[in-house]
Protein chains: 2
Amino acid sequence: MKRDKGASAGNRAEGRPTLAAVAARAGVSASTASLAFSGHGPVSDDTRARVLAAAAELGYGGPDPLAQSLRRGRSGIIGALIPARIGVSFRDPVLIQTLDGLAEEISAIGAGLLLLPDHDPGSGYVNVTDAPVDAVVLVGCNADALGTLEGMRRRNIPIVQIEGPPDADVHTISVDNRGGARLLAEHVRELGHTRVALVTLALGRDRRVGPLTAEREAGGTVTTALERIAGARDVYPGVGGWIAGASRSDAGREAALALLDVPAADRPTAILAQSDLLAAGVLAAAEELGIRVPEDLSVVGFDGIRVDGLERSLTTVWQPSQDKGAAAGRAIVELLAGRTPDPVSFDVRFRRGSTTGPAPA
Amino acid sequence: MKRDKGASAGNRAEGRPTLAAVAARAGVSASTASLAFSGHGPVSDDTRARVLAAAAELGYGGPDPLAQSLRRGRSGIIGALIPARIGVSFRDPVLIQTLDGLAEEISAIGAGLLLLPDHDPGSGYVNVTDAPVDAVVLVGCNADALGTLEGMRRRNIPIVQIEGPPDADVHTISVDNRGGARLLAEHVRELGHTRVALVTLALGRDRRVGPLTAEREAGGTVTTALERIAGARDVYPGVGGWIAGASRSDAGREAALALLDVPAADRPTAILAQSDLLAAGVLAAAEELGIRVPEDLSVVGFDGIRVDGLERSLTTVWQPSQDKGAAAGRAIVELLAGRTPDPVSFDVRFRRGSTTGPAPA
DNA sequence: AGAACGACTCGAATCGATTCGATCCCTCGT
DNA sequence: ACGAGGGATCGAATCGATTCGAGTCGTTCT
């Protein structure tokens with residue numbers, strides 16, 4: 001005999017009908033009702049109609065996704081680990097495009113994207129590990145984030161990262177950051193520049209800004225930034241610069257002000273910014289200081305995005321952000337199907353703009 | 001006797017240990033093991049240690065979120081219905097700020113945000129209704145979207161909309177769109193303008209662009225756009241304009257080109273754009289056409305966001321996007337707790353910039 | 001010393017559906 | 001006319017955890 005406590009715990013809407021209730025009302029078994037809803041088995045038209053009618057009368061809204069998830073072992077949700085809170089992360093067009101590609105691709109298997117801002121440990125936020133996700137994608141995160149995913153790994157949940165240090169358990173989508181940075185540095189060298197400085201992305205989770213020191217670099221965990229530094233060093237060994245906290249034009253502006261606000265003789269004649277947004281900030285700073293681009297200063301970016309409100313064309317390399325996201329999505333699909341996706345690495349394309357010119361005499 | 005089929009169905013990682021396995025290994029019952037993990041009951045230190053040790057040995061990653069969800073009747077996931085695919089929706093700073101406020105607020109109850117792009121019906125995408133969400137927030141969607149939520153309503157899942165038509169079952173967060181638009185129109189009227197035109201947001205899901213006709217207006221479903229039109233009409237009855245497809249500067253530019261590329265005598269002397277992004281596009285178009293702002297043309301926006309790369313200050317009204325999101329988040333929390341949230345409506349603030357001036361003689 | 005109490009632990013029910021194998025019955029073939 | 005075949009339906013197990021009430025055992029109070 002059913003207990004039927006009536007007003008039981010504080011569980012959601014008390015009286016919501018269940019599949020069993022619908023089945024009872026339609027005079028069939030729960031299994032048949034299930035079949036009628038899912039269409040997975042042979043059900044007579046008559047029976048199906050009766051079940052549907054009963055459902056309508058009871059106001060049954062279809063099988064509970066929670067129960068389905070448990071039974072199927074899948075929630076249909078992919079977690080997207082983003083580096084900061086939404087308002088901050090989503091100011092980066094590269095991130096947006098990547099997520100867009102990702103979302104489109106996983107919608108092929110009917111999955112949706114759960115946003116999981118990567119918070120500093122102990123900040124009282126949701127633990128990623130507790131989310132009912134079928135897989136996780138790290139997009140634009142630093143290597144530390146992998147640590148917070150220990151739980152996922154133990155649960156055999158597929159993890160895909162977009163840019164990041166190689167890891168046996170994690171499928172990585174990469175782009176030739178080092179090669180791209182090298183291309184840009186070579187371009188600048190060919191123009192005759194010798195006093196060059198970098199404006200880098202955040203090197204670690206802390207997002208501290210300041211001069212690029214060996215120490216800070218050694219503690220860096222953001223692969224993207226480190227690889228782009230390496231590419232520049234391939235051409236300009238030992239080149240220094242300034243760490244901007246984030247990929248935003250105001251951060252680029254601050255960094256450039258620090259680098260340029262020195263006696264003209266010490267001033268770099270070329271600045272290699274690690275993102276187009278940073279480069280836009282550098283241009284703004286130069287304008288403020290009355291430094292002409294490209295006559296007095298050459299500036300390059302990275303990413304190849306369209307920067308709103310920037311009328312001049314930037315010398316940069318373009319990277320396929322959306323394709324990276326899509327590739328991650330396909331990798332997820334493969335992994336969930338039990339297959340092993342092929343590793344993917346994308347190339348970049350050099351694009352000369354009007355912000356670079358010959359080194360001043 | 002347990003069946004223990006070994007390699008059963010294709011369910012995820014076959015051999016993943018369960019709480020029961022851990023309990024068995026630790027020599028306790030499943031209930032005790034559960035208590036040990038959740039900390040919800042009195043468990044001796046010794047027992048807890050044994051359970052944790054067993055878990056470590058077996059590589060148990062903690063309770064399965066899927067099973068927890070079913071038992072608790074909560075998934076810890078809030079669905080965010082956004083008007084278009086990610087790459088498009090997230091180019092709107094207002095949307096981003098709103099989601100940011102929302103995400104922060106719901107993280108108080110440990111919930112995360114599931115992105116659900118509102119797709120045209122029948123486009124083969126995931127049905128919102130099948131997602132395991134505890135509640136849904138409509139952000140920047142049109143009224144049609146409510147239709148796709150029938151299933152949710154029947155399931156008694158709380159729905160909150162940010163801007164939208166009043167609905168008994170749906171908690172609405174609103175802002176004084178009409179009043180804001182009226183403020184701007186009044187400002188323009190005080191400056192003596194008589195030939196005025198609107199540049200509106202999309203009126204419906206179709207996002208068609210073109211002249212603002214009575215017919216198109218009658219079929220409109222986007223409350224925000226309609227209310228702002230109404231506000232302008234409070235001051236300029238019958239004012240016409242152009243429908244821009246989306247809140248982006250390129251759409252604003254196209255619209256403005258259509259409105260301004262006429263004999264100077266017919267040309268409007270003021271354009272009321274329904275968003276700052278659109279206004280930025282209007283400014284760009286004016287510059288292309290050699291029309292001076294504000295001498296020949298006054299331009300106002302709406303939203304009060306900082307538009308990247310727009311150096312001049314726009315006359316606009318500011319609306320609290322982030323607060324709207326936060327209010328939606330708090331409403332969700334209240335609703336999930338079984339309480340009834342207070343209705344919220346926000347005010348806007350007029351902000352005069354340098355893009356409006358006296359009507360030309 | 002006996003009772004009462006408290007700290008722990010356990011068994012069993014439950015969340016809501018899916019699915020495999022078995023059963024039942026009707027029809028078709030020869 | 002009888003067995004085979006097959007469509008429709010049902011029973012029962014299962015997914016993996018949580019939770020309530022009940023039971024055990026040792027300690028403390030009077």
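Please read all numbers here as calculations on a predicted model, not as lab measurements. Every chain is numbered from 1 and lettered A, B, ... according to where its sequence line falls, protein lines coming before strand lines.
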*Nearest-neighbour nucleotide for the A67(A) side chain, dG16(C), dT9(C), dT9(D) considered*: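 Selected nucleotide: dG16(C).
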*Report yes if the side chains of D118(A) and P83(A) come closer than 4.5 Å at any heavy-atom pair, otherwise no.*
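No, too far: nothing below the 4.5 Å cut-off.
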*Would you check if R85(B) and S107(A) make a side-chain contact, meaning some heavy-atom pair closer than 4.5 Å?*
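Of all side-chain heavy-atom pairs linking S107(A) with R85(B), none is under 4.5 Å.
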Sequence neighbours excluded, which residues qualify as side-chain hydrogen bond (donor to acceptor under 3.5 Å, both in side chains) partners of [X]?
X	answer
Q161(B)	T172(B)
T223(B)	none
T47(A)	S44(A)

*asked:* Please tell me if S44(B) has a side-chain N or O lying less than 4.0 Å from either OP1 or OP2 of dT9(C).
replied: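 The answer is yes; a side-chain N or O of S44(B) sits under 4.0 Å from OP1 or OP2.
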*Would you say dA17(D) has OP1 or OP2 under 4.0 Å from some side-chain N or O of Y60(B)?*
yes
How long is the line joining [atom1] of [X] and [atom2] of [N], in whole Å?
X	N	atom1	atom2	value
D45(B)	dA7(C)	CG	C1'	12 Å
L66(A)	dA17(D)	CG	C1'	13 Å
R72(A)	dT14(D)	CZ	C1'	15 Å
D130(B)	dG16(C)	CG	C1'	15 Å
L70(B)	dC15(C)	CG	C1'	4 Å
R50(B)	dC8(C)	CZ	P	13 Å
R74(A)	dA17(C)	CZ	C1'	17 Å
R155(A)	dA17(D)	CZ	C1'	12 Å

_Partners passing salt bridge (charged side-chain N to carboxylate O under 4.0 Å, His left out) against D167(A) (at least two apart in sequence or in another chain)_ = R153(A)
_Set of side chain to side chain contact (heavy atoms under 4.5 Å, CB included) partners for A30(A), sequence neighbours left out_ =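 For A30(A) there are no side chain to side chain contact (heavy atoms under 4.5 Å, CB included) partners, ignoring immediate neighbours.
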*So which of residues 27-42 of chain B are in contact with DNA chain C, with a heavy-atom cut-off of under 4.0 Å?*
G27(B), V28(B), S29(B), S31(B), T32(B), P42(B)
